[in-house]
Structure formats: structure tokens, C-alpha cells
Number of protein chains: 2
Amino acid sequence: MEERASRPTLAAVARRAGVAASTASLVFSGSGPVAEATRERVLTAARELDYGGPDPTARSLRRGRSGVIGVVTEDRLAETFRDPVNVALLDGIGEELSDARLSLLVIPMAGVGGPDPGDAAIDAAILIGCTTNVADSVASLRRRGVPFVGVETEPLDGVTAIDIDNREACAAAARLLARLGHRRVAVVTLPLDPGRRRAPLDPAREAASTSFVARERLAGVRTVFPDAGGVSAASSAVDEGMIAGRSLLDGPAASRPTAVLAQSDLLAVGIVLAAEERGLRVPEDVSVVGFDGIAVDGLLSRALTTLAQPVEEKGRAAGRAVLAALRGERAPDRLLQCELRVGSTTGPAPDDTSFR
Amino acid sequence: MEERASRPTLAAVARRAGVAASTASLVFSGSGPVAEATRERVLTAARELDYGGPDPTARSLRRGRSGVIGVVTEDRLAETFRDPVNVALLDGIGEELSDARLSLLVIPMAGVGGPDPGDAAIDAAILIGCTTNVADSVASLRRRGVPFVGVETEPLDGVTAIDIDNREACAAAARLLARLGHRRVAVVTLPLDPGRRRAPLDPAREAASTSFVARERLAGVRTVFPDAGGVSAASSAVDEGMIAGRSLLDGPAASRPTAVLAQSDLLAVGIVLAAEERGLRVPEDVSVVGFDGIAVDGLLSRALTTLAQPVEEKGRAAGRAVLAALRGERAPDRLLQCELRVGSTTGPAPDDTSFR
DNA sequence: GATTCGAGTCGAAACGATTCGACCCCTCGT
DNA sequence: ACGAGGGGTCGAATCGTTTCGACTCGAATC
């Protein structure tokens, strides 16, 4: 394979067709009048030289647009696709964008060793799943003058925010548990900061947390259970949920939480598994609530009580917002509501002798 | 927002720092010696002007590389993410690529109204899930001189092929059914051609099919059941499977197939549902086999008999191959094996009065 | 003390297109 | 018949870098 035998250029095609490069350009871009005969001649020359059309990079440089929308994700590429929430989100975004003939560039967030979001040739960007370390990416995009929208990021100046009502959703779940008689509830949070440390919650860590989503969801629970404690996980995954579940469910029944609110369904599944591992029955001994409403049926043989978020609608909204940003407009913020979907992992609080 | 207030350029930074643009370039690219004092001066100037680093497009144009790998998929963007096989594949690809600091550009295949694969600024490409209409994309990439690898595409000249052994896998499933006494088996194929027509199989259509995967899988079945007929689906989806299932399972028991081999798990699920809809028991009245080995547990309350393919390994292999292609090398072809995973949707053929 | 060497810097030439203004010539209107 | 208008074409400038060869200057070499 003669790999890099230089490809023909527009200039070469023009020369062969006996026209100026500018005229040949007109033929391919379609902007501007060209005589039918000339067009024919240029197209023929292109075919003869096996010219595949204008070079995208050169075209982008000159035009100032690349036709690519960046999707900045928190994790490494590999992990982005492993989370069903991200996938559903991308699905929604893609739906809006493919109509506009735009491509989707998946970019890992700044600072994890991958390429800098600013190093990609993109016209606009969407920040998704960027919970812990959004600042670098935002700065990078701003410096580059790339317009962007945020999906569940901290409120950012001049940036359209597409959010779900995390606080109210979690408050609703907490109210359910309160109604069922639970008093000792624990929360398993998403990673709180770039270090992704697994550790018990404490006020200092919470205050220092860079994860807007984790803080909001926690705050929602606290509106009902002001003293709720818990632990933070290192990622949204089943095995992380198990680790967190073990640390919460070990110890005597009198101090054990009777309900656990997980900040993702995957974590929730892990907690259920950890409970079963310990011989605890769900929901008789401990209730578990998840978040997301993704299909976890494959992982769990029962219906998880969860907060179902309209994730595809969120994606579509983000897609529309970034399209607006591209036009220089600013789409209004959105705050989508979740639905509390009661499954079979929640039930009345167990009789608690320590309260008698 | 003053959207397009032109951003500072490298030249502006250089001017401010009192050095030549070429020297400033050296500072950012790191290639070539620069005095510490000069570097400091340039960096300071950059900071003062809020310069975010060299423009990626201009850099790409000059360097001839963009740091982006294209993933060409059959469907529209939106549909790409809806198929769990694609997602798992992307996951595997991303794993290999993120180490190389490359980004992933998802490009819908040529000819569906989206952007042409050649219109994207990519260094190399991977063709995935391109079953029906790969020719245009291949031609486009070739004309552009973009190296690429194919995942389950037709064998292509000079292109590394990452395949699974579709033929042998389907033959193995067919042997299982033969062993169970089945004689009348039908196949539900993936789309056979760009038209994605739903229709009974016939030799002419099969010969004209542009889908390598569909043909191979069908051929595998035919090694055991040379006369197996069936229908083609319009896409790999549960509802398509139901449509296909209905068309196969209507009619008297004597002519009805006793087993159906679907070319994807999603189709298989649809067929099981169609059977149940008709009051047929699976597997007592009809056996169903899928393909892929993805988690369909959420869709079906039983374990599907299926051909599990090593889809993440396939993705990683594709990632490694494209990295090699980027270096101008050609990675060897791979032919990965599938595993016949027997679930509870297959069983002995029903007693068949027409054979007595 | 002349010579070589290399670190550091610079200017100019790509990279491959698009776009703007100028120009030509033919047609149409009056 | 003459000016206006517009379709069609062209040349030149531009987009923002990187890279190549050349040049300078101080230090090391013999």
C-alpha cells in the first residue's frame, strides 16, 4: 500500500479542467453560478484524477466551521459507553443532530490524560456526565470561543443548562421512605470530587465536592432527613455499589440504616446484592432506592424502586440547545422532572427494637 | 455573548512576546529548542491575550493529521446507540484509542442523508455495523486516502478485516437444532440490502444481497439445512422480530417451522413474543435461537439460546488494527469465534404428524 | 586564535481550500 | 445604439499553523 501518495487537490483538478481554482471550488461548494459545461468539465477532471472532493480540514480552516459537535464526557472513552445513562443521552443528542448533518465527536474530559477538549476541531460542545472536574474543560472551551451547553453541570455564566430536578426527585424518594416509617436512611453518592475517593460523608467533604449532581441529590434527601449520612462511591457501577453497601450494612441491626438511597441504579443494584450477601432481605430488612430508571432487569431479578429521569428527552433538549448555540442564540434553560417509580425494593421500615 | 469576536492567533501572541511566529509555535508544539526565557515570555503573552493554544484546524491542515478516528456506522446516529452490539463495540474500540490520545468521531454511513464519511477530517476509520451499503463509504474513504479497517464487512482489498466466524457459529446452532430433531427451520435475517425490504428469502434476493454478515450467517445454517427458508427483517429490533415471527408462524402446524434462527438477539426476542402472541409455547412448539449474546434479560423473562460473540474483544481488535493502519502498517486479519450458549428457548422438535 | 558546532531564532513557504472584488461579455430595455 | 445588469470566470488574499533551511552568536576544540 503506497500509504501517503499525495492525493490530488482542487488546484490540480482545476488545472486539468482548464479553469481557475476558484471556479472549481464553486462547482463543489455549489455556492455561486457556474455554467453547465464548465461544471461538467470540472467534474470529469475530478473523476479522472480520482479526486474525492474538497479536503475537509482545509475547508474547515477557511470556513471557520467543521460540522462537528463535541460531546465532552467525564470518563475515558471506554467508560463513557459502559454507562447506560450516557448511551441514552447520546441517543437523544444524536437524534437532533443527525438531522442537521452534524457529526458527534466524543471527547474525554480535560485532565484525564486524553486529548484536551480544546484540541479538537469542533463548532460547539455539549458537556455530559461531567460531574467532578468540569472547570478545566469549561475554561478550555471558553478560551477557544467554542459555544457549549451543559447537561447537569453547575450553573455556568451564559451557558444554557439542561438539568433534571435532582433535588425534588430525591426529596420525593425520601418522603416515600419517611411515609414507610424509615428513620435511619443512608445515601450512597456518585463520586464527589476528581479524586473519586470512597469514604463516609462529612460536612467538609460535601462542601468541597465538585460534583453538582451529587450535592443536589444529597440535598434533596436532606430536606426530609436532615441528618442522613452515607458514603461516596468511586464510580457509578454495580461493584462500587456492593462496596458501599457492605460498608453501610455491616454492624448491628440497631445502628444499620433501614433504607439506602443510591444516586444511580447501578449503585442500587450493588447495594441490593451486598444486602443479600449479608443475608438481609430486601425490602423487609432494608429498602433500596436507585436513580435513573434505566433497565437493570438483567442485573436484578426484581423491580428496583427508582427515580426515572427522562434521559432521552434530556438528550434531545441538549441537542436542540447546542444547535441554537451554534446559531449564536441562547436556548432557554430546561429543568426536567423525574418520576418516582416504586418497585419491590422498598417497603415498611422493620420493627426497630432500639426505638421501643 | 459576543459570539464571534475573533480569537487571538499565534501570530498575535508572538508579536506581543516580541518573537517570530515560528518560535512561538515551537513553544506550543514542544518540538525544537527554545530558550527558557523566551518560552516564559511567550507563555505570558498567551496568558495575557487569553490564547487557548494553536487552532486545531490550522494545525491539522499543516500537519496532515487530526487526531480523530472515524467510526462509520450503518445507521443514523440515533440508531447507532440504540443497538447494544454497537455500544459494546464502541466500548472496546474506545478502550484502545483513548490510550493513544485519539478521539472518536461517529459518522453515519454514506448515502443516508448524513454527512459523507469523506467529509469528516479523520486520520483513519473503522467501519462497524455497515452491513448493507458499505460500497459508497469505502469508495469515499479510498478516494480520500484515509486508511481504514472493516469490522464484519465484505473482504476488502488491502483492508484489515476483524470478523467473527459467522458461518461456523450458525452452523453450530443449526447442528444443535438438527440434534434436537428439527427438520423445518426458518431463518430471520438482518436487512439484506439498502432497501431493507421485509420479504421472504429467495435465491435471487440472497444472491443480490449486499450484506455480508446476513449472507454468511445464512450460509452457516444452510450447511446443515440446505433448504432452510425464511424472511428478511428491516432492521435489528424487537418489533421487526415480531413482524417476521408473525409471518413465519401463521399457518397450519404442519407447514410451520419448528425452529427459527434469528440473526440477532433483538430479532429473536421479537420472534418469541410473536409465538406467545399466537399461543405457541417456546420451546415446546417452536424453538428460537438468537445471535449476539447481549443482555436481553430485560426484554424476555427467560434465557435465550444464542450465539454469543466476543464483541468487546472485537472492538479492541479493531482499535488495535486502526492504530496500525495509522502507522502505515497492516494488522493481520482476525476471525473470532462465537460461543453457542444454550438457554431455555430451544428444545426437542415437536411430534410432527405430517412426518408420520 | 581560527574553526567547528549546536542551541536558539527567524523568514518564507507550504497546507488546501473559500471568498471577495474586479472584469468581461452578452443580452435586454428603452 | 447605448447603458445597465447580470451570469460566468478569474486572481489574489486569507484562514492559522508548522516546518524547512538559513542565519547568528557564543562556547568548545585543537
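All values reported here derive from a predicted model rather than from experimental measurement. Below, chains carry the letters A, B, ... as their sequence lines are ordered, and counting in each starts from 1.
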Original post:
Any donor-acceptor pair under 3.5 Å linking the side chain of S60(B) with the backbone of P56(B)?
Top reply: yes
**OP:** State whether the side chain of D193(B) and the backbone N or O of S209(B) hold a donor-acceptor pair below 3.5 Å, judged by distance alone.
**Re:** no
**OP:** Identify, with sequence neighbours excluded, every residue that meets side chain to side chain donor-acceptor pair (under 3.5 Å) alongside R16(A).
**Re:** E48(A)
Subject >> D99(A): side chain to side chain donor-acceptor pair (under 3.5 Å) partners, not counting sequence neighbours >> reply: R76(B)
Gap between atoms [atom1] and [atom2], on [X] and [N] respectively (whole Å):
X	N	atom1	atom2	result
R144(B)	dG16(C)	CZ	C1'	12 Å
R65(B)	dT17(D)	CZ	P	17 Å
R39(A)	dT9(D)	CZ	P	10 Å
D119(A)	dT17(D)	CG	P	12 Å
L61(B)	dT18(D)	CG	C1'	10 Å

Subject >> Considering all heavy atoms, the nearest L127(A)-V138(A) contact >> reply: CD2-CG2, 3.8 Å
Subject >> Stepwise salt bridge (charged side-chain N to carboxylate O under 4.0 Å, His left out) test for D119(B) and R144(B) >> reply: CA-CA 9 Å; D119(B) 282 352; R144(B) 280 284 176 17; 3.7 Å; yes
Original post:
How is T38(B) classified with respect to the nucleic acid when contacts are heavy atoms under 4.0 Å: base, sugar-phosphate, or nothing?
Top reply: sugar-phosphate
Original post:
Nearest to the side chain of A20(B) - dT9(D), dT9(C), dC10(C)?
Top reply: dC10(C)
**OP:** Report yes if at least one side-chain N or O of T57(A) is closer than 4.0 Å to OP1 or OP2 of dC15(C); otherwise report no.
**Re:** no
Do any N or O atoms of the protein come closer than 3.5 Å to N or O atoms of nucleotides 17-20 of chain C, and which pairs are they?
{"from": "dA17(C)", "atom 1": "OP1", "to": "Y51(A)", "atom 2": "OH", "distance (Å)": "2.7"}
{"from": "dA17(C)", "atom 1": "OP1", "to": "D55(A)", "atom 2": "N", "distance (Å)": "2.7"}
{"from": "dA17(C)", "atom 1": "OP2", "to": "L10(A)", "atom 2": "N", "distance (Å)": "2.4"}
{"from": "dT18(C)", "atom 1": "OP2", "to": "S25(A)", "atom 2": "OG", "distance (Å)": "2.4"}
{"from": "dT18(C)", "atom 1": "O2", "to": "R62(A)", "atom 2": "NH1", "distance (Å)": "2.5"}

Original post:
What is the base-pairing partner of dT18(D), counting Watson-Crick and G-U wobble geometry with both distances under 3.5 Å?
Top reply: dA13(C)
